[in-house]
Protein chains: 2
Amino acid sequence: MPLIIDSIEKHVLLTPEEKELFASKLEIQQHKAKTILLSPGEICQYSYFVNSGVLRSFNINDNIVEHVLQFACKGWWIGDMYSLISQKPGNLFIEVLEDAELVLLSKENQEQLYIEIPKLERFFRILIENSLVAHQERLMDNLSLSAEERFDKFCKRYPDLMQKIPQKQIASYIGVTPEFFSKMKSRMLKNKI
Amino acid sequence: MPLIIDSIEKHVLLTPEEKELFASKLEIQQHKAKTILLSPGEICQYSYFVNSGVLRSFNINDNIVEHVLQFACKGWWIGDMYSLISQKPGNLFIEVLEDAELVLLSKENQEQLYIEIPKLERFFRILIENSLVAHQERLMDNLSLSAEERFDKFCKRYPDLMQKIPQKQIASYIGVTPEFFSKMKSRMLKNKI
DNA sequence: ATACTTTCTTAACCTAGGTTAAGCACAAAA
DNA sequence: TTTTGTGCTTAACCTAGGTTAAGAAAGTAT
């Protein structure tokens, strides 16, 4: 599994033995689109690394409306962080949007690797730092930008996702209804011509 | 400085020598309310731990409106995470809201401590994990809850802050204007009587 | 005490985005 | 091939929250 190793070695270098030890703790799974890997109420046991395909995490509020927390494509990690670290029932769904090959790292193996290969604790610290910064930026964007501006940023940040996923998912990610998204999109097109 | 040590030892235990080494890397500062510790365009050099007082981080968008990213009271850390890890110019103000005593840990000292006391890298990993979870929850709340519901959650999560800071700051944190916040508050009062 | 600044409130009016509902265009089953 | 979904669009109407403006209240500095 070269992709996951490469992605780690962008931040910390591993010896061949460490790579082997690390690899021995991983599990690979193939999943079809529409598979639900995790549902609210369940305890998240794994960090999921995406070898191929696309996943999303989302929740559903009282009004039966979905809100996307995160998309994950090739090379990204996904999970229910709250449930994973607290080992309490989570609030998120994790769903496969496009047929996917995943690398699973269980909570226990991850904790053990922190001890056996401290460099991996550093790697995950850096990974989480970056994730935090991205979430902070998105939070501020939701407070201060219009739906149109958020959509523009989304297009720039995830240009490939536009093709891969239904646009109602993007609407949900930027925080508007599919109906409004459609209206907005056609308005933006008109204004650009 | 027992508070910062105690807060670390909730997650990892330090030997007396480690505590001393750690303490030797810290700097203590007193600051008056209204002091701006960091402005957009500057590179954030420190993680700030609050011994007493209250701080906030916020940005200002084109329309000259402020948005609060975070409050920090006694026992909390604050900084411009983006700028701190990238060492590029940041986007945030960090301001003292109530006279404060701060413990400063410089970026370089923090990096060095990760090497000298790996347990501290673990501590900060855990700290950042918790912060990420909190930001994820706030993001989802902003997508799915009404202003009134967000205010309720804020009151429960930060009951002490209500007394300490001007309510326009709370309005900014939950993502509404001070005028609307005032209207909403009196409406909520009426409905509860 | 007085003046000056900042915060809070209220009210009239406005708008970005939500809701409901209907029709259309696909794709997947059957 | 019909049916049954699932997603997209459009349009009429609605509402949470924003804007502008002005006065009251409460700090803060002189």
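The structure displayed is predicted, hence computed values, not measured ones. Just so it is clear: chains get the letters A, B, ... in the order the sequence lines come, proteins before strands, and each one is counted from 1. All values below were derived from every heavy atom in this structure, side-chain atoms included, with hydrogens, water molecules and symmetry-related copies excluded.
Protein atom CE of B:Met184 is 18 Å distant from nucleotide atom P of C:dA11, rounded to whole Å. One can place CD of A:Glu179 at 12 Å from C1' of C:dA22, the figure rounded to the nearest angstrom. Put simply, NZ on B:Lys190 is 12 Å from P on C:dT9, counting in whole angstrom units. Between the CG atom of A:Leu97 and the C1' atom of D:dG7 there is a distance of 14 Å, rounded to whole Å. Counting to the nearest Å, the C1' atom of C:dT10 and the NZ atom of B:Lys185 are 13 Å from each other. Counting to the nearest Å, the P atom of D:dT19 and the CD1 atom of B:Ile64 are 12 Å from each other. Atoms NZ (B:Lys168) and C1' (D:dA26) sit 14 Å apart, rounded to a whole Å. What separates CZ of A:Arg187 from P of C:dT15 is a distance of 13 Å, to the nearest Å.
A donor atom on one side chain and an acceptor atom on the other are not found under 3.5 Å apart for B:Ser182 and B:Glu179. Side-chain atoms of A:Gln169 and A:Arg56 include a donor-acceptor pair closer than 3.5 Å.
Taking only side-chain atoms of B:Ala147, from C-beta outward, the nucleotide of D:dG17, D:dC8, C:dT10 with the closest atom is D:dG17. For A:Lys183, counting side-chain heavy atoms from C-beta on, the closest listed nucleotide (D:dC8, D:dG17, C:dG18) is C:dG18.
Of the side-chain N and O atoms in B:Arg150, one or more sit less than 4.0 angstrom from OP1 or OP2 of D:dG17. Distances shown here put every side-chain N or O of B:Thr177 at or beyond 4.0 Å from the OP1 or OP2 atom of D:dT19. Residue A:Gln167 places at least one side-chain N or O closer than 4.0 Å to OP1 or OP2 of D:dT9.
Within a 6.0 Å sphere centred on NZ of A:Lys119, heavy atoms belonging to other residues, nucleotides or ligands number more than 12.
Across the interface with DNA chain C, nearest-nucleotide mapping of B:Phe181 and B:Lys34 shows B:Lys34 to be the residue nearer the 5′ end.
For the side-chain hydrogen bond (donor to acceptor under 3.5 Å, both in side chains) with A:Tyr114, the lone residue among A:Gln112, A:Gln110, A:Glu111 that qualifies is A:Gln110.
Without hydrogens or angle criteria, A:Ser172 side chain to A:Val68 main chain gives a donor-acceptor distance under 3.5 Å.
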